[in-house]
Trainee: 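One structure coming up, written as structure tokens, with questions to follow.
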There are 2 protein chains.
Amino acid sequence: MARLPEYLRALHNLAESGHETVSSEGLSAAAGVNSAKLRKDLSHLGSYGTRGVGYDVALLIEQIEFVLGLTQRRAVALVGVGNLGHALAGYDGFASRGFRIAALLDADPSRVGEEINGLVVRHVDDLPTVAAEESLAIGVIATPAAAAQQVADQLVAVGVTSILNFAPCVLSVPEGVDVRKVDLAIELQILSFHEHRKASLTALPATGGSALTALPGGFATTDTQEAIGT
Amino acid sequence: MARLPEYLRALHNLAESGHETVSSEGLSAAAGVNSAKLRKDLSHLGSYGTRGVGYDVALLIEQIEFVLGLTQRRAVALVGVGNLGHALAGYDGFASRGFRIAALLDADPSRVGEEINGLVVRHVDDLPTVAAEESLAIGVIATPAAAAQQVADQLVAVGVTSILNFAPCVLSVPEGVDVRKVDLAIELQILSFHEHRKASLTALPATGGSALTALPGGFATTDTQEAIGT
DNA sequence: AGGCGCTTGTGAAGACGTGCACAAATCGCG
DNA sequence: CGCGATTTGTGCACGTCTTCACAAGCGCCT
């Protein structure tokens, strides 16, 4: 499940603040989900908490990290050292959460050679060489949309089987390669949709006008946390 | 639906390449979804394509932009001008997709006054002043996790009702405020999970060992595009 | 005008995720 | 040792999303 990493983060927080065990209620609150859902997720792990007590924090961290494949620190290749690529290269959240940026690559010769955070930018055509040095399984694409497909092909060619794509486009990849997409503008547009919905509901609740103005009511969006606590 | 922005992006691409109309089949391919799903989504809009022909690209863009509330260019406040904040401030995808960064804010006095992309960084305590100048509805949090909740409270206090949170933590906000979260490390961890799953499947398919080694098989993750085309 | 091919819109079936509510299990205490 | 408080694990029901398959509608060509 995609919620496991969220649980893991919450568990690390709990461990740092000295908790040895945690109840499903407590953990679910920290992770922002329903407690029944959390218990069901953990039961799918085969993870055994003890009834009446809760879950052993350290053990649970270990189990989740195993399932997520974080027992080994995975090497990540980052392609595209523009605005966003720079930020990603300097993001310490990767290092602290089980990943190591093994190479920075770019197609622009004027960027090659630049040093960012202790790593030297290499040309994207050096990918085969890089892959020979390191065991690359994950690639991150932070290039403009126009270059993304070509970069994806190059990554796949050197054996990368998981791609995180920040470019606003659909990638086509062979079977067995996983792609996850993050589009920052889309996130904002979804929020904008919620704004529009809220505005129409409060402004003219009794208008009942054309089909268009009546629309924004009946939509549902996923992955949105709304109104948790106060 | 959360897919509308994806359709919108695909439609803009089609419009640029000169298409006047598009079939559900064509658009769904460009957006990376099932064609029946796309038709159902669009029918929820009340949007009328013409049978035998397809959808009018320009009209559909107009309709989706209306539903998403993109007819007005929304002002966004960006709090936290660190590594990631810098990148977001310089990201042209926001401007080109209906948003305008109206203010850059940070709590660190040494960062206040810095100019990024034509905007001067102001202190986060100036939020009420900024909100008085602009009609702020959306806030973006790109601060460390420790500061995120306080910033969220400040944003809510000045009337922001939608928050995009890049900090790895759960925010608590009053009812009526929408929060969307983007955690870059979590995306990588999900990919790592897939890697681990693939590795276990290919390496020891007949081992049938402990419960732990047998685990990673039966999981499902959402939002993952796998094996599109070749 | 009529027929044919193409495309939309939708009914129905199935898969999936979610949350409630409760039985089973464990610990601590008298 | 037994009892009560607490918490996990899960059966069940419900609503949502997804997908197939097909009827209805539109335009073009003859």
Side-chain angles (χ1 to χ4, degrees), chain A residues 1-4 6-7 10-11 14 19-60 63-64 67 190 211-212 215 217-228, chain B residues 1-4 6-7 10-11 14 19-60 63-64 67 190 211-212 215 217-228:
Chain A
M1 305 276 184
R3 285 185 294 268
L4 288 180
E6 192 72 36
Y7 301 158
L11 283 166
L14 288 168
H19 294 70
E20 302 244 325
T21 65
V22 65
S23 69
S24 65
E25 202 71 39
L27 182 53
S28 68
V33 301
N34 183 293
S35 69
K37 198 191 307 193
L38 180 134
R39 285 199 299 276
K40 194 153 288 190
D41 287 347
L42 293 188
S43 78
H44 281 17
L45 286 186
S47 138
Y48 285 8
T50 44
R51 309 184 179 206
V53 178
Y55 298 91
D56 183 291
V57 173
L59 178 65
L60 201 49
Q63 291 209 8
I64 293 181
V67 174
I190 292 172
L212 274 179
L215 287 178
F219 269 91
T221 48
T222 52
D223 276 351
T224 308
Q225 124 186 15
E226 183 161 6
I228 291 183
Chain B
M1 306 279 186
R3 285 184 296 266
L4 288 180
E6 193 70 38
Y7 300 159
L11 283 166
L14 288 168
H19 294 69
E20 302 243 327
T21 64
V22 65
S23 70
S24 66
E25 203 71 39
L27 182 53
S28 68
V33 300
N34 184 293
S35 69
K37 198 192 305 195
L38 180 135
R39 284 200 300 275
K40 192 149 287 189
D41 287 346
L42 293 187
S43 77
H44 282 18
L45 286 185
S47 139
Y48 284 9
T50 43
R51 309 184 179 206
V53 178
Y55 299 91
D56 183 291
V57 173
L59 178 65
L60 202 49
Q63 290 206 10
I64 293 181
V67 173
I190 293 173
L212 275 178
L215 287 178
F219 269 91
T221 47
T222 51
D223 275 351
T224 307
Q225 122 186 18
E226 183 161 4
I228 291 182

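Proteins come first, then strands; the chains are lettered A, B, ... in the order of their sequence lines, and each starts at number 1. Values below: all heavy atoms of this structure, side chains included; hydrogens, waters and symmetry mates excluded.
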Trainee: More 5' along DNA chain C: A:T50 or A:A36, using each one's nearest nucleotide?
Mentor: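 Counting from the 5' end, the first nearest nucleotide belongs to A:A36.
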Trainee: Name all residues meeting the side chain to side chain contact (heavy atoms under 4.5 Å, CB included) criterion together with B:R3; count only those two or more places apart in sequence or in a different chain, and write none if there are none.
Mentor: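 Partners of B:R3 under the side chain to side chain contact (heavy atoms under 4.5 Å, CB included) test: B:M1, B:Y7, B:V33, B:K37, B:D41.
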Trainee: With 3.5 Å as the limit, what N/O pairs link the protein to nucleotides 22-25 of chain D?
Mentor:
{"unit_1": "D:dA24", "atom_1": "N3", "unit_2": "B:R51", "atom_2": "NH1", "d": "2.8"}

Trainee: List in chain and number order the residues that pass side chain to side chain contact (heavy atoms under 4.5 Å, CB included) with A:A58, two or more places apart in sequence or in another chain; answer none if no residue qualifies.
Mentor: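 Partners of A:A58 by the side chain to side chain contact (heavy atoms under 4.5 Å, CB included) criterion, ordered by chain and then number, come out as A:D56.
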Trainee: Can you name the side chain to side chain contact (heavy atoms under 4.5 Å, CB included) partners of B:E25, sequence neighbours left out?
Mentor: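 Only B:S23, B:S35 meet the side chain to side chain contact (heavy atoms under 4.5 Å, CB included) criterion with B:E25.
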Trainee: Output the rounded distance in Å from CD (B:Q63) to P (C:dT8).
Mentor: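 Rounded to whole Å, this separation is 15 Å.
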Trainee: Determine whether any donor atom in the side chain of B:K40 lies under 3.5 Å from an acceptor atom in the base of C:dT10, or the reverse, and answer yes or no.
Mentor: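 It does not, because no donor-acceptor pair links the side chain of B:K40 to the base of C:dT10 below 3.5 Å.
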Trainee: Residues in side-chain hydrogen bond (donor to acceptor under 3.5 Å, both in side chains) with B:S24, at least two apart?
Mentor: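 Listed in chain order: B:R39.
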Trainee: Show your working on side chain to side chain contact (heavy atoms under 4.5 Å, CB included) between A:L45 and A:L42 and close with a plain yes or no.
Mentor: CA-CA 5 Å; A:L45 286 186; A:L42 293 188; 3.9 Å; yes
Trainee: Tell me whether the OP1 or OP2 atom of D:dT8 has a side-chain N or O from A:S24 closer than 4.0 Å.
Mentor: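 So the side-chain polar atoms of A:S24 do come within 4.0 Å of the phosphate oxygens OP1 or OP2 of D:dT8, strictly under.
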Trainee: Specify the separation, in whole Å, of atom CG of A:L42 and atom C1' of D:dT10.
Mentor: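 Spelled out: CG on A:L42 to C1' on D:dT10 is 14 Å.
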Trainee: Could you check whether any side-chain heavy atom of A:T21 comes within less than 4.5 Å of a side-chain heavy atom of A:T50, counting everything from C-beta outward?
Mentor: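 SC-SC contact between A:T21 and A:T50 ruled out.
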Trainee: For D:dC26 and B:Y48 - does any side-chain N or O of the residue sit under 4.0 Å from the phosphate oxygens OP1/OP2?
Mentor: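 For B:Y48, the contact criterion (side-chain N or O under 4.0 Å from OP1 or OP2 of D:dC26) is not met.
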Trainee: Rounded to the nearest Å, what distance is computed from the CG atom of residue A:D41 to the C1' atom of nucleotide D:dT10?
Mentor: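 After rounding, the gap between these two atoms is 13 Å.
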Trainee: Indicate whether OP1 or OP2 belonging to D:dC17 is found under 4.0 Å from a side-chain N or O atom of B:N34.
Mentor: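 For B:N34, the contact criterion (side-chain N or O under 4.0 Å from OP1 or OP2 of D:dC17) is not met.
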